[in-house]
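Here is the naming used below: chain letters follow the sequence lines, and residue numbers restart at 1 for every chain.
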Amino acid sequence: MQDARFERVLLRRPDLRTPFPRRFAARLRGQSVVRVDRRGKYLLVELSSGDTLVMHLGMSGAFHVEAGPAAGRAAADRHDHVVFEMSPSATITFNDPRRFGFMDLVARKALAGHAALSKLGPEPLSPEFGGAALARACTGKKTSLKVALLDQRVVAGIGNIYASEALHRAGLSPRRRASTIATRAGAPLASAVRLAGAITAVLIDAIDRGGSYATARGPRFRVYEREGERCLTKRCRGTIKRITQMGRSTFFCPVCQK
DNA sequence: CCGCGGGCCTGAGAGC
DNA sequence: TGCTCTCAGGCCCGCG
């Protein structure tokens, strides 16, 4: 990203999930990239102007990066909504069929208070996150553990796949009340420590393998989309079940997840 | 404040 | 073939 600069920005429609901010393309043009960062599921691109380009892929968003200018390229896909022409010569296209993605341009002073970012919980791979932080966040929570993990205020960045995966690794039922792993007598319970460890392990594994959808072969998930298949926990003879919680699928093993 | 249900979009796949 | 239905990796809003 060193020396990368926005030469030209093309918007093929006025909005994604929300409208693009006013003068979006104009404010990006000519800016160089100071730093690329991430907070939860949000991508942060800090610009030389001091503004930060905040982006989210939603469910179906993706960036396609190609060398060379956009001119003379094959006709755009109908879901190519944004084209960033960069220098040195490269084209970054944002494609998003469902348009649940998000882009905003935020001034430095407004970044910390930005609606999308300000409520996020701790980064799961940071030192602040662990059994204690997780136990604290679950204190008094009446929802299920699975739903709590999807709450970005509890821990940032867990989605529907990794919520199921982490709970399986931790041997905890997705149906348990979140408060059952809460802090007691000032100390986190062993299950909170286990779940925090499972979350970091699942994420590190996924990063090592290049993401959930990058690998074509090999076991991708331990429970996700494995309904009816055998549980992979050592010596467990259980069968993976699928249930719906808050309108979303949860996969788990009723035998080894308690 | 919290928890829940619905809505936002399009595409893929199943079943008829 | 085409229709209808369900489901999909996320988040926001409004209700009680």
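In this structure, A:R38 pairs ionically with A:E123, as a charged nitrogen and a carboxylate oxygen lie closer than 4.0 Å. For A:R13 and A:D15, the salt-bridge test passes: some basic side-chain N is under 4.0 Å from an acidic carboxylate O. Checked for salt-bridge contact, A:R220 and A:D205 miss the test: no charged N lies under 4.0 Å from a carboxylate O. In summary, A:D51 and A:R27 engage in a salt bridge, as defined by a charged side-chain N under 4.0 Å from a carboxylate O.
For A:E225 and C:dG9, the CD to P distance is 8 Å, given to the nearest whole Å. One can place CD1 of A:I161 at 7 Å from P of C:dG9, the figure rounded to the nearest angstrom. In this structure, CZ of A:F102 is placed 16 Å from P of B:dC9, rounded to the nearest angstrom. Here the P atom of nucleotide B:dC9 and the CG atom of A:D15 are 8 Å apart, to the nearest Å. Rounded to whole Å, atom C1' of B:dA12 lies 13 Å from atom CE of A:M59. Across the protein-nucleic acid pair, A:L57 atom CG and C:dA8 atom C1' stand 16 Å apart, rounded to whole Å. Atom CZ of A:R17 and atom C1' of C:dC13 are 11 Å apart (whole Å). One can place CD of A:Q245 at 15 Å from C1' of B:dG5, the figure rounded to the nearest angstrom.
A donor-acceptor distance shorter than 3.5 angstrom exists from the side chain of A:R230 to the backbone of A:C236, with no hydrogens or angles considered. Counting only distance, with no hydrogens or angles, the side chain of A:K41 and the backbone of A:G58 share no donor-acceptor pair below 3.5 Å. Between the side chain of A:S32 and the backbone N or O of A:A4 there is no donor-acceptor pair closer than 3.5 Å.
Nearest to the side-chain atoms of A:Y224 among the listed nucleotides C:dG9, B:dG3, B:dG5 stands C:dG9. Nearest to the side chain of A:A116, among B:dG11, C:dG9, C:dC12, sits C:dC12. Each of C:dC11, C:dA8, C:dG9 was ranked by its minimum atom distance to the side chain of A:K41; first place goes to C:dC11. Side chain of A:Y42, nearest nucleotide from C:dA8, C:dC11, C:dG9: C:dC11.
When heavy atoms are screened at a 4.0 angstrom cut-off, A:S249 is found touching the sugar-phosphate backbone but no base atom.
One finds a side-chain N or O of A:R248 lying less than 4.0 angstrom from the OP1 or OP2 phosphate oxygen of C:dG9. Proximity of A:H79 to the phosphate of B:dC9: no side-chain N or O atom is located under 4.0 Å from OP1 or OP2. OP1 or OP2 of B:dG3 sits under 4.0 Å from a side-chain N or O of A:K141. Regarding contacts with the backbone of B:dT10, every side-chain N or O of A:R13 stays at 4.0 angstrom or more from both OP1 and OP2. The side chain of A:H56 places an N or O atom within less than 4.0 Å of a non-bridging phosphate oxygen (OP1 or OP2) of C:dC11.
Side chain A:R99 to base B:dC9: no donor-acceptor pair is found below 3.5 Å.
Taking a pair as Watson-Crick or G-U wobble with both distances under 3.5 Å, the runs of three or more consecutive pairs in DNA chain C are B:2-8 with C:10-16, B:10-16 with C:2-8.
With the nearest nucleotide of DNA chain B identified for both A:G247 and A:R78, A:G247 has the one nearer the 5' end.
Nearest heavy-atom pair across A:G131 and A:P188 is O-CB, 3.7 Å. Nearest heavy-atom pair, A:F6 versus A:V33, reported as atom, atom and distance to 0.1 Å: CE1-CG2, 3.8 Å. Looking at every heavy atom in both residues, A:T180 comes nearest to A:L189 through O-CD1, 3.3 Å.
Evaluation of A:F100 against the base of B:dC8 yields a stacking contact (centre distance < 5.5 Å, interplanar angle < 30°).
Using cut-offs of 30° and 60° on the angle between ring planes, the pair A:F20 and A:F24 is tilted.
Atom P of C:dG14 sits at a distance of 16 Å from the matching atom of B:dC9, rounded to the whole Å. Going from the P atom of C:dC7 to that of B:dG5 covers 15 Å, rounded to whole Å.
For the contact set between residues 144-159 of chain A and DNA chain C, defined by any heavy atom under 4.0 Å, the members are A:Q152, A:G159.
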